[in-house]
Amino acid sequence: HPFLGIGLGHLHIRPSELRWKGSRPDMDWTEAHSIFFQMGVERGLVGLAAFVWLLIAMGKIFWRAGPSGWPSGFFWGYLGLVLAGFTESWTHDSEVMMSLYFLLGCASVLASKPRSGG
């Protein structure tokens with residue numbers, strides 16, 4: 001299902017499907033170990049596009065907030081979260097999801113502040 005995905009929680013990888021055969025035979029992997037791949041498989045191209053759009057919008061907000069001062073910490077935290085997403089899936093990790101939600105809230109506050117222009 002390339003456009004809408006297989007659905008949330010339906011990703012199951014059996015040890016017999018893995019290249020390295022080092023897992024227990026009764027183990028069932030439910031993570032793809034990449035948030036982008038996980039989103040694409042479970043939510044399809046539509047969900048992946050929406051997720052990437054959200055991340056890009058957050059990055060633009062943090063970048064425009066200022067390269068120095070306290071808003072720059074949000075940008076670097078955001079960048080670390082995105083880079084970690086290439087090798088880790090966040091959907092089953094509540095601490096990382098809370099970090100994403102925190103950054104979303106901070107981006108929302110920064111986006112609603114009037115910009116000082118010259």
Side-chain angles (χ1 to χ4, degrees):
H1 308 283
F3 292 108
L4 298 178
I6 60 173
L8 299 176
H10 288 99
L11 177 64
H12 298 283
I13 304 170
R14 306 276 181 223
S16 60
E17 298 169 343
L18 298 174
R19 288 186 183 182
W20 76 88
K21 312 298 181 215
S23 299
R24 296 187 332 253
D26 60 333
M27 189 171 225
D28 186 24
W29 293 87
T30 58
E31 289 187 12
H33 291 288
S34 168
I35 191 62
F36 303 103
F37 187 67
Q38 183 101 16
M39 288 285 180
V41 169
E42 288 186 344
R43 293 159 180 91
L45 293 174
V46 174
L48 177 62
F51 179 69
V52 169
W53 174 80
L54 176 76
L55 290 178
I56 290 171
M58 276 179 45
K60 284 182 179 180
I61 290 168
F62 289 139
W63 183 259
R64 289 179 185 157
S68 63
W70 62 268
S72 69
F74 291 128
F75 175 76
W76 294 112
Y78 154 82
L79 188 63
L81 190 67
V82 170
L83 290 177
F86 284 105
T87 60
E88 196 60 44
S89 179
W90 310 333
T91 54
H92 299 295
D93 193 350
S94 62
E95 294 88 358
V96 180
M97 287 304 292
M98 283 191 299
S99 299
L100 176 66
Y101 296 147
F102 173 75
L103 286 172
L104 277 170
C106 292
S108 175
V109 168
L110 288 172
S112 66
K113 290 178 72 175
R115 292 182 66 184
S116 59

**Study point:** Those residues that, when tested against F74, pass ring pair (Phe, Tyr, Trp, His ring centres under 6.0 Å) (two or more places apart)
**Key:** F62, W70
Review point. Which residues pass the ring pair (Phe, Tyr, Trp, His ring centres under 6.0 Å) test with F102, sequence neighbours left out?
Key: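 F102 satisfies ring pair (Phe, Tyr, Trp, His ring centres under 6.0 Å) with no residue once adjacent residues are dropped.
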Check your understanding: Can you tell me if S99 uses its side chain to pair, donor with acceptor, with the backbone of E95 under 3.5 Å?
Key -> yes
Point to revise | Expected output: side-chain Y78 to main-chain L104 donor-acceptor under 3.5 Å | key: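 Flag not set: sc Y78 to bb L104 has no pair under 3.5 Å.
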Check your understanding: Are W63 and V109 linked, directly or through other ILVMFWY residues, by side chains that come within less than 4.5 angstrom of each other?
Key ->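 Cluster IDs for W63 and V109 differ.
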Rounded to the nearest 0.5 Å, what separates atom [atom1] in [X] from atom [atom2] in [Y]?
{"X": "F51", "Y": "I56", "atom1": "CZ", "atom2": "CD1", "value": "11.0 Å"}
{"X": "W76", "Y": "L83", "atom1": "CH2", "atom2": "CG", "value": "10.0 Å"}
{"X": "S108", "Y": "Y101", "atom1": "OG", "atom2": "OH", "value": "15.0 Å"}
{"X": "L79", "Y": "M58", "atom1": "CG", "atom2": "CE", "value": "11.0 Å"}
{"X": "L81", "Y": "M97", "atom1": "CG", "atom2": "CE", "value": "9.0 Å"}
{"X": "M39", "Y": "L54", "atom1": "CE", "atom2": "CG", "value": "9.0 Å"}

Exercise for review: Determine whether D93 and E88 make a side-chain contact, defined as any pair of heavy atoms from C-beta on separated by less than 4.5 Å.
Suggested key: no
Practice item. Of all the heavy-atom pairs spanning A107 and I61, show the shortest one and how long it is. Key: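 The pair with the smallest heavy-atom distance is O-CG2, 3.5 Å.
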Review point. Of all heavy-atom pairs between F36 and V82, which one has the smallest distance, and what is that distance?
Key: CE1-O, 4.0 Å
